[in-house]
Amino acid sequence: RLLSHRMPSVEASVAELGGMRYVPGDHPKLASIIETLDLAIDDFLMDEDNSNRPYQIRNRVLKQKDLTNSSKLPYYLSPAEQGQTAEEIEVAVYNTIVPDEEKGKPNDQILTDHGALYELGFRNAYALANASEDSIKYFDATSGYSDYIKNANAAWLMYGDDSGSEFSSSGYKRVTEGMDKVPKKMFQNFVDNYGSRERDEEELAMFGTTVVSITKTSAGSYVLALADTKSPNNQLLFLCAQTVIFSLTRRQIGRA
């Protein structure tokens with residue numbers, strides 16, 4: 001889920017896959033863990049003048065300043081959507097489906113005329129607001145997050161104004177040596193406190209595996225089938241567990 005790597009040609013920067021920054025006020029648990037682990041942090045700087053940021057969209061290369069030019073943008077947007085950035089369309093969707101009296105509440109507490117916001121998928125929210133299908137693809141291509149196209153939780157993805165949006169760089173922090181130092185140091189602390197000569201590290205944690213299935217036995221325990229993504233053919237590994245803890249959104253837990 002996390003990989004940090006220093007490129008030989010740019011030693012001063014850490015390339016991140018899976019996670020690159022956090023906001024202490026919005027991610028208090030992560031901030032607390034980083035502080036407890038005594039990991040060095042610094043500001044995550046973003047170029048505020050991003051008008052020349054390049055995007056490759058449907059075999060075209062556009063700059064950010066071109067995204068509001070409907071003649072250049074290769075999407076079939078409705079007349080109301082044309083001339084807007086993808087984030088501005090998202091805000092319009094939010095304002096359409098969220099009643100005025102609910103605006104300003106935390107997203108996981110907002111009630112719409114169609115149920116709780118956290119029960120809606122991102123694509124469902126756009127459909128309820130009569131947004132065009134291409135506006136979702138536009139958002140997916142320019143946001144950098146493929147979750148949007150997969151109908152992920154609307155409460156997690158949607159914002160009513162830019163001040164609360166993840167697109168603002170205000171307050172961003174990063175772990176200086178790379179975000180993957182968080183799970184790695186947590187694991188090392190766990191090994192140091194609970195490991196022994198009889199139990200090697202692979203018995204305490206398994207990295208590079210994907211859950212294929214979870215089967216509950218008649219005795220109430222669980223058997224997990226894991227695919228070892230480090231092996232050539234994703235070799236299956238099996239693990240017995242008394243308890244399985246899921247880290248899922250409220251919407252996903254409700255439908256599990």
Side-chain angles (χ1 to χ4, degrees), residues 1-8 10-45 106 108 118 145 147 152-153 155-156 166 171-256:
R1 180 65 176 86
L2 293 173
L3 175 64
S4 304
H5 182 71
R6 288 189 183 276
M7 300 295 184
V10 281
E11 287 291 335
S13 298
V14 179
E16 300 278 10
L17 292 175
M20 57 183 172
R21 62 197 177 198
Y22 71 102
V23 181
D26 292 342
H27 307 110
K29 291 183 179 179
L30 176 60
S32 176
I33 290 171
I34 291 173
E35 183 178 358
T36 300
L37 294 174
D38 197 27
L39 292 169
I41 64 172
D42 53 33
D43 293 332
F44 183 93
L45 302 177
D108 63 352
Y118 70 80
Y145 295 90
D147 299 278
N153 195 329
W156 173 54
E166 62 188 278
Y172 278 134
K173 300 292 183 182
R174 65 170 188 156
V175 175
T176 306
E177 292 301 314
M179 291 297 290
D180 70 354
K181 295 298 183 291
V182 178
K184 286 180 177 178
K185 191 164 184 180
M186 286 180 66
F187 174 59
Q188 189 57 54
N189 284 3
F190 183 71
V191 171
D192 293 343
N193 285 282
Y194 299 101
S196 67
R197 292 180 180 177
E198 290 75 31
R199 301 172 66 193
D200 60 27
E201 292 186 2
E202 289 188 0
E203 292 183 39
L204 295 171
M206 301 180 70
F207 293 100
T209 57
T210 300
V211 177
V212 176
S213 65
I214 302 174
T215 305
K216 188 172 184 178
T217 69
S218 57
S221 59
Y222 300 88
V223 176
L224 285 74
L226 308 173
D228 182 1
T229 58
K230 304 185 299 299
S231 65
N233 299 312
N234 288 345
Q235 178 183 355
L236 284 181
L237 308 171
F238 295 92
L239 178 70
C240 295
Q242 292 297 321
T243 303
V244 178
I245 300 174
F246 292 96
S247 178
L248 300 169
T249 64
R250 290 175 63 178
R251 175 170 172 260
Q252 289 171 313
I253 290 174
R255 298 185 178 189

(message) Working to the nearest 0.5 angstrom, can you tell me the gap between D43 CG and K173 NZ?
(response) 3.5 Å
(message) Quick check: closest heavy atoms across I34 and I41, and the distance to 0.1 Å?
(response) CG2-CG2, 3.6 Å
(message) With a 4.5 Å cut-off on side-chain heavy atoms, are Y172 and V23 touching?
(response) yes
(message) Tell me which pairs pass salt bridge (Lys or Arg N to Asp or Glu O under 4.0 Å) where either residue lies in residues 178-191, with sequence neighbours left out.
(response) D180-K184
(request) Over all heavy atoms of both residues, which pair between R21 and M179 is shortest? Give the atoms and the distance, please. (result) N-CG, 4.4 Å
(message) I'd like to check the side-chain hydrogen bond (donor to acceptor under 3.5 Å, both in side chains) partners of T176; sequence neighbours left out, ordered by chain and number.
(response) D42
(request) Applying side chain to side chain contact (heavy atoms under 4.5 Å, CB included), name anything that partners T229, two or more places apart in sequence or on another chain. (result) T210, N234
(request) Grab the two heavy atoms, one from N193 and one from N189, that are nearest each other, plus how far apart they are. (result) ND2-O, 2.7 Å
(request) List for me each residue that meets side chain to side chain contact (heavy atoms under 4.5 Å, CB included) alongside F238, sequence neighbours excluded, and say none if there are none. (result) V223, A225, L236
(request) Return the set of residues passing side chain to side chain contact (heavy atoms under 4.5 Å, CB included) with V244 (not counting sequence neighbours), or none when no residue passes. (result) I214, Y222, L224, A241, F246
(message) Please give me the minimum heavy-atom distance between V14 and R174, naming the atom from each residue.
(response) N-NH1, 4.4 Å
(message) Testing the basics here: between A31 and P24, what is the closest heavy-atom pair and its distance to 0.1 Å?
(response) CB-CA, 4.0 Å
(message) I'd like to check the side chain to side chain contact (heavy atoms under 4.5 Å, CB included) partners of S221; sequence neighbours left out, ordered by chain and number.
(response) T217, Q242
(request) Kindly say whether P28 contributes a backbone atom to a donor-acceptor pair with the side chain of S32 at under 3.5 angstrom? (result) no
